[in-house]
Amino acid sequence: MEQLRPADEVEIRQLIQIYERNLPESVQFMLILQNILRIKTTVQRSEPETVSHRLRKTVYVPKKENNNHFATFVAISREDDLHIMAHSLENPPLELCSALETTSFIDWQRKPTFVVGGAKIVHELIHRKAQELSLQIDTAEYVNYWIPQEKAAKIEFVVPNDVLLKPLKKDHGKILNDMWPYRYGSSQWYIESAITHNGGLGLFDKTSEELVACVFKNDLDGIAHLYTVPDRNNRGYGSTLAKAMTRLIAVHHQQHVQTFITPQNSKSIRLFVKLGFVAVNKIYWLILH
């Protein structure tokens, strides 16, 4: 029997409020829900087909009449770019595992990517499902960092003299996708949608107008894809964009700010810690293929 049902906008707002009460530990899932709600209420109603399937997610909650005591949810994107984000405040998250095990809303044959917390029982379930379907699974571990909105809004920055800071446009999606080592079939559409609906910034050479560094806010509502072209490294571009994007999210989007970094990326960790970001917890990407 199906244990999940689609949540309405009121229920998504209630989930956001519950997760907000558990900051900073739950910041990544609160911001995920905020991103989904914003896309749902401001974009999908007017022009849904312009948004990539990765950004168009439906939030599902336990199918029962009483309140969602554990703030359990499963957010599932559209079929052509299947990303599933799942979390619960229950410890251990038995309700979430039961829902993931039995739900008909997940098409495992499409080889989804799961974004989950550190609960061992959830990881074991996804690995077991992959084994049953003869699928391979890769796990990527990240550390989540956050900075409160009030502190982030006070960050100042100076743009290096040889470049101009400008908002990214949808047309830059192809350039960013070509730069990205993890690109896949529909990743350009995802990047274009994220730039258009979440926001992004670029540094452009003053003489050639070439894009030399970039950053944008991803579908987790976090700073991501911070990149500088190799021959322009060590000029402070990354630091400038990290500061500018942090301030943009805090001041103009009126949000707390998060990013997630692999434990091995010591350079990025030093950069964000210097800005005032603090490690919160770990988040895992489980990629079926």
Side-chain angles (χ1 to χ4, degrees), residues 31 35 38 51-52 54-55 142-149 151-184 187-262 264-278:
L31 291 176
N35 181 277
R38 186 176 67 252
V51 186
S52 82
R54 181 165 168 177
L55 264 69
Y142 297 91
V143 179
N144 250 89
Y145 291 80
W146 93 306
I147 183 171
Q149 178 187 349
K151 187 173 181 180
K154 297 177 182 177
I155 288 178
E156 298 179 351
F157 61 92
V158 176
V159 179
N161 291 329
D162 57 336
V163 290
L164 294 172
L165 175 67
K166 295 191 291 186
L168 292 174
K169 297 180 180 179
K170 178 181 177 181
D171 293 345
H172 295 121
K174 185 180 186 310
I175 300 173
L176 270 63
N177 189 60
D178 290 343
M179 293 175 177
W180 194 28
Y182 306 108
R183 59 185 175 272
Y184 54 94
S187 59
Q188 182 176 328
W189 189 19
Y190 158 62
I191 292 172
E192 290 171 347
S193 295
I195 290 171
T196 302
H197 302 296
N198 290 347
L201 296 171
L203 292 177
F204 297 81
D205 185 273
K206 280 186 176 179
T207 303
S208 67
E209 300 184 354
E210 173 191 6
L211 178 65
V212 295
C214 57
V215 67
F216 64 83
K217 192 163 74 166
N218 67 359
D219 60 328
L220 280 71
D221 250 17
I223 296 176
H225 303 266
L226 180 62
Y227 179 80
T228 301
V229 297
D231 63 347
R232 306 295 283 263
N233 282 325
N234 301 315
R235 302 191 187 190
Y237 294 171
S239 176
T240 298
L241 284 177
K243 292 175 183 177
M245 197 69 199
T246 298
R247 181 174 172 81
L248 174 70
I249 294 171
V251 175
H252 296 284
H253 299 183
Q254 293 289 296
Q255 290 181 266
H256 301 302
V257 189
Q258 69 151 340
T259 189
F260 54 95
I261 308 170
T262 61
Q264 298 77 25
N265 192 344
S266 57
K267 183 177 180 180
S268 289
I269 291 172
R270 286 195 302 270
L271 188 160
F272 281 95
V273 168
K274 189 174 181 180
L275 295 187
F277 282 73
V278 176

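Just so we're clear, the structure is a prediction, and the values are computed from it rather than from any experiment. Numbering starts at 1 and runs along the sequence shown.
With hydrogens and angles disregarded, no donor-acceptor distance shorter than 3.5 Å links the side chain of His256 to the backbone of Pro148. Using a distance-only test at 3.5 Å, with no hydrogens or angles considered, a donor-acceptor pair links the side chain of Asn198 to the main chain of Asn218. Asp178 places no side-chain N or O within 3.5 Å of a backbone atom of Ile175 that could act as its donor or acceptor partner. Looking only at distances, no side-chain donor or acceptor of Arg232 sits under 3.5 Å from a matching main-chain atom of Val229.
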*Can His225 and Leu176 be said to form a side-chain contact (heavy atoms from CB on, under 4.5 Å), step by step?*
CA-CA 9 Å; His225 303 266; Leu176 270 63; 5.8 Å; no
*CA sep, side-chain torsions, deciding dist, call: Arg38, Asn35, side-chain contact (heavy atoms from CB on, under 4.5 Å)*: CA-CA 5 Å; Arg38 186 176 67 252; Asn35 181 277; 3.3 Å; yes
Show me the side-chain donor-acceptor pairs of residues 244-253 shorter than 3.5 Å, one per line, residues at least two apart or across chains.
unit_1, atom_1, unit_2, atom_2, d
Thr246, OG1, Ala242, O, 2.7
Arg247, NH1, Ala153, O, 2.3
His253, ND1, Lys217, NZ, 2.8

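At least one side-chain heavy atom of Ile147 sits less than 4.5 Å from a side-chain heavy atom of Ile155.
Looking at Asn265 and Tyr142, their side chains never bring a donor and an acceptor atom within 3.5 Å of each other.
Checked against Tyr145 for a side-chain contact (heavy atoms from CB on, under 4.5 Å), the options Ile223, Val257, Ile261, Val278 give a single hit: Ile261.
Remark: Thr259 OG1 to Asn144 CG distance equals 8.0 Å, nearest 0.5 Å. The distance from the CG atom of Leu168 to the CG atom of Leu203 is 9.5 Å, given to the nearest 0.5 Å. Residue Trp180 holds its CH2 atom at 13.5 Å from OH of Tyr227, rounded to the nearest 0.5 Å. Once rounded to the nearest 0.5 Å, the distance linking OG of Ser193 with CG of Leu55 reads 6.0 Å. Here the straight-line distance linking atom CZ of Phe272 with atom CZ of Phe260 works out to 10.5 Å at 0.5 Å rounding. Rounding to the nearest 0.5 angstrom, the gap separating the CZ atom in Arg235 from the CG atom in Asn161 is 12.0 Å.
Heavy-atom neighbours of Gln254 CD from other residues, nucleotides or ligands within 6.0 Å: above the threshold of 12. With a 6.0 Å radius and a threshold of 12 heavy atoms from other residues, nucleotides or ligands, Lys206 has its NZ atom above the threshold.
Leu241 and Cys214 get closest at one heavy-atom pair: CD1-N, 3.3 Å.
Taking the six-membered ring for Trp, Phe216 and His172 have ring centres at least 6.0 Å apart.
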